[in-house]
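Here's the structure, in structure tokens; my notes come after.
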Amino acid sequence: MDDDEYAKLIRRMNPPRVVIDNNASDDATVIQVDSVNKHGTLLEVVQVLTDMNLVIKKAYISSDGGWFMDVFKVIDQDGNKIRDTQVLDYIQRRIESNAGWFIPPLRSSVGVMPTDEYTAIELAGTDRPGLLSEVSAVLTDLHCNVVNAEIWTHNTRAAAVIHVTDNSTNSAITDPIRLSTIKELLCNVVRTNSGSRAAKTVFSCSDTHRERRLHQIMFDDRDYEGVKRAKTSASRPSVTLMNIEKDYTVVTMRSKDRPKLVFDVVCTLTDMQYVVFHGMVSTEPVEAYQEFYIRHVDGLPINSEAEQERVIQCLEAAIERRASEGLELELSAEDRVGLLSDITRTFRENSLTIVRAEISTREGKAKDTFYVTDVTGNPVESKIVESIRQQIGVSKLKVKKKEDCSVLGTSRPSQETTMGYLLSNIFKPKSLQSFKLHLSHS
């Protein structure tokens with residue numbers, strides 16, 4: 001029996017154990033996960049919590065000795081404990097079934113593999129005003145209906161994962177000739193002004209986690225390179241690295257809190273082939289603090305300055321990609337062919353730029369979220385927003401008010417050291433009882 005088969009046998013003999021407790025904390029539901037550890041287990045657990053739209057307030061991570069012991073304190077989007085027993089049972093089943101099966105890391109090749117339900121299209125290229133409008137128009141002209149999509153932009157780059165169906169059959173597009181035409185025309189759109197970097201349009205398997213895939217696409221497109229660092233720390237997240245002798249590299253991150261922040265960081269570390277052995281997460285309205293003790297999968301900490309700089313750049317990019325710069329607009333309307341094309345054309349004609357978008361369709365209803373700025377990246381004037389709402393429909397397009405739409409970072413507290421929380425609290429304890437003690441005092 002080889003090492004891989006032996007590892008699978010050990011995991012089958014020791015399935016993940018999940019304990020959910022609503023009494024251990026006054027203000028959050030506590031989820032405790034124990035399982036045999038392997039690369040990617042932490043990401044699988046965090047991915048389940050993220051997909052359930054749960055907010056991770058605190059987390060304590062330990063995985064030395066081949067065993068994974070994590071504790072998460074979570075709340076719902078309204079800041080409350082998770083009380084629904086059906087939801088709690090679903091979370092437990094998902095974690096116990098997912099924690100043993102890790103989604104493969106960054107892919108270097110992509111095939112044409114549509115499912116019966118839809119065809120998944122991945123795009124990458126240089127961002128520019130009107131790009132989503134042009135992509136939507138091409139898909140409409142080719143009789144494709146966009147049922148789900150997510151678009152990110154960062155550091156002049158754009159990436160998208162789009163699920164489309166055939167207008168006439170409402171199912172996936174399987175004709176190779178038609179797929180080739182779609183790819184060619186989309187490539188022409190994305191390739192415009194792409195400069196020295198190649199634009200990419202591919203069809204892909206649909207079972208890859210969409211948000212993780214977007215991180216992978218942008219990482220592969222090197223969107224982390226050449227970012228201009230602002231003079232003040234308040235405009236960007238703070239990421240620092242420090243080695244503890246020859247054992248671990250300590251990664252400390254401070255940024256303004258936002259949804260799915262922990263997933264974005266863990267996803268990036270995992271796809272860069274780093275393993276988190278210990279960690280803690282603490283999120284507050286003013287600042288989110290994350291501290292991870294990591295090694296490369298080869299067992300070594302980060303030793304070269306070049307690799308340290310690369311990890312810092314990649315983690316900064318991971319935090320910033322989903323940062324919601326701009327005004328948030330929410331569209332609720334009856335779905336129809338060409339709806340996305342019409343909406344994005346209206347934005348373009350009124351000189352709006354889409355910096356991020358989430359497109360979804362369910363039971364004949366379209367519910368889309370757009371984050372927009374003017375063409376120069378500045379806030380949109382209210383009179384322009386009202387004009388657009390009149391054109392689209394005031395009841396269909398609403399402005400979601402936020403205290404602060406820019407979620408790129410906060411200033412660093414001057415009294416904290418780089419290795420404050422974890423070294424004294426979590427690094428030494430080895431037992432689950434130690435984690436319980438931390439929870440009772442947090």
Side-chain angles (χ1 to χ4, degrees), residues 7 33 35-47 49-50 56 59-70 72 99 101-108 208-209 211-225 237-255 260-281 288-322 418-419 421-423 426-427:
V33 184
S35 74
V36 175
N37 186 47
K38 69 186 186 69
H39 181 50
T41 300
L42 175 61
L43 175 59
E44 290 295 331
V45 175
V46 172
Q47 181 173 302
L49 300 179
T50 300
I56 299 174
Y60 306 93
I61 300 157
S62 182
S63 61
D64 262 350
W67 197 256
F68 176 89
M69 297 186 296
D70 286 11
F72 300 89
W101 306 101
F102 173 52
I103 300 174
L106 184 64
R107 303 177 309 196
S108 57
T208 305
H209 189 269
E211 292 165 346
R212 186 178 185 199
R213 190 68 194 121
L214 281 164
H215 277 298
Q216 293 174 345
I217 293 170
M218 300 205 86
F219 175 84
D220 191 41
D221 201 31
R222 304 191 310 277
D223 71 311
Y224 54 86
E225 293 182 349
S238 166
V239 180
T240 59
L241 271 63
M242 177 184 293
N243 281 3
I244 302 179
E245 297 180 349
K246 297 181 180 180
D247 293 327
Y248 302 98
T249 296
V250 184
V251 182
T252 304
M253 289 153 286
R254 300 179 187 275
S255 65
K260 304 184 180 182
L261 177 62
V262 178
F263 169 82
D264 293 339
V265 169
V266 173
C267 178
T268 299
L269 287 172
T270 303
D271 281 333
M272 292 184 74
Q273 300 297 298
Y274 287 101
V275 180
V276 176
F277 285 88
H278 302 277
M280 72 87 60
V281 174
Y289 179 89
Q290 300 179 77
E291 187 175 285
F292 297 124
Y293 285 59
I294 67 171
R295 296 183 196 139
H296 195 266
V297 289
D298 61 11
L300 298 175
I302 303 171
N303 291 315
S304 72
E305 290 186 6
E307 181 62 9
Q308 286 187 358
E309 179 65 17
R310 179 171 174 267
V311 170
I312 289 173
Q313 289 177 343
C314 289
L315 289 174
E316 288 176 344
I319 293 171
E320 292 177 342
R321 285 172 192 144
R322 211 197 293 259
T418 304
M419 299 165 46
Y421 284 84
L422 193 56
L423 188 59
I426 296 180
F427 183 65

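Residue numbers start at 1 and run along the sequence shown.
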Glu291 side, atom CD; Ile61 side, atom CD1 - distance, nearest 0.5 Å: 11.0 Å

Any residue meeting side chain to side chain contact (heavy atoms under 4.5 Å, CB included) with Val275, in chain and number order, not counting sequence neighbours: His39, Phe277, Val297

Closest heavy-atom pair and its distance - Leu300, Asp298: N-OD1, 3.0 Å

Beyond-backbone contact of Ile319 with Thr268, side-chain heavy atoms, under 4.5 angstrom: no

Geometric class of the Tyr274/His296 ring pair [parallel <30°, tilted 30-60°, perpendicular >60°]: perpendicular

Point-to-point distance, once rounded to the nearest 0.5 Å, from CZ of Arg222 to SG of Cys314: 11.5 Å

Leu43 backbone acceptor or donor facing Thr270 side chain under 3.5 Å: no

Backbone N/O of Asn303 and side chain of Asn243: donor-acceptor pair under 3.5 Å: no

Mutual orientation of the aromatic rings belonging to His278 and Tyr293 [parallel < 30°, tilted 30-60°, perpendicular > 60°]: perpendicular

Any Val46 side-chain heavy atom under 4.5 Å of Phe72 side chain: yes

Note, Glu316 side chain near Ile312 side chain (heavy atom, < 4.5 Å): yes

Ser63 side chain near Thr41 side chain, heavy-atom distance below 4.5 Å: no

Full working for side-chain contact (heavy atoms from CB on, under 4.5 Å) between Phe292 and Thr249: CA-CA 8 Å; Phe292 297 124; Thr249 296; over 6 Å; no

Residue pair Leu261 / Gln290, side-chain heavy-atom distance below 4.5 Å: yes

Salt bridge (charged side-chain N to carboxylate O under 4.0 Å, His left out) partners for Arg295, two or more places apart: none

Derivation of the side-chain contact (heavy atoms from CB on, under 4.5 Å) call for Thr252 and Met242: CA-CA 9 Å; Thr252 304; Met242 177 184 293; over 6 Å; no

Non-hydrogen side-chain atoms of Arg322 and His215 separated by less than 4.5 Å: yes

Worked verdict on Arg310 versus Gln313 for side chain to side chain donor-acceptor pair (under 3.5 Å): CA-CA 5 Å; Arg310 179 171 174 267; Gln313 289 177 343; over 6 Å; no

Ring pair (Phe, Tyr, Trp, His ring centres under 6.0 Å) involving Phe68 - partner list, sequence neighbours excluded: none

Smallest separation among heavy atoms of Tyr248 and Pro301, with atom names: C-CB, 3.8 Å

Qualifying residues under side chain to side chain contact (heavy atoms under 4.5 Å, CB included), relative to Ala317, sequence neighbours excluded: His154, Asp223, Tyr224, Arg321

For the student: nearest non-hydrogen atoms of Phe263 and Glu211, plus distance: CE2-CB, 4.1 Å

4.5 Å side-chain heavy-atom contact, Leu315 and Val251: yes

Working for side-chain contact (heavy atoms from CB on, under 4.5 Å), residues Ile302 and Ile294: CA-CA 9 Å; Ile302 303 171; Ile294 67 171; 4.1 Å; yes

Verdict with reasoning, Val276 to Val266, per side-chain contact (heavy atoms from CB on, under 4.5 Å): CA-CA 8 Å; Val276 176; Val266 173; 5.7 Å; no

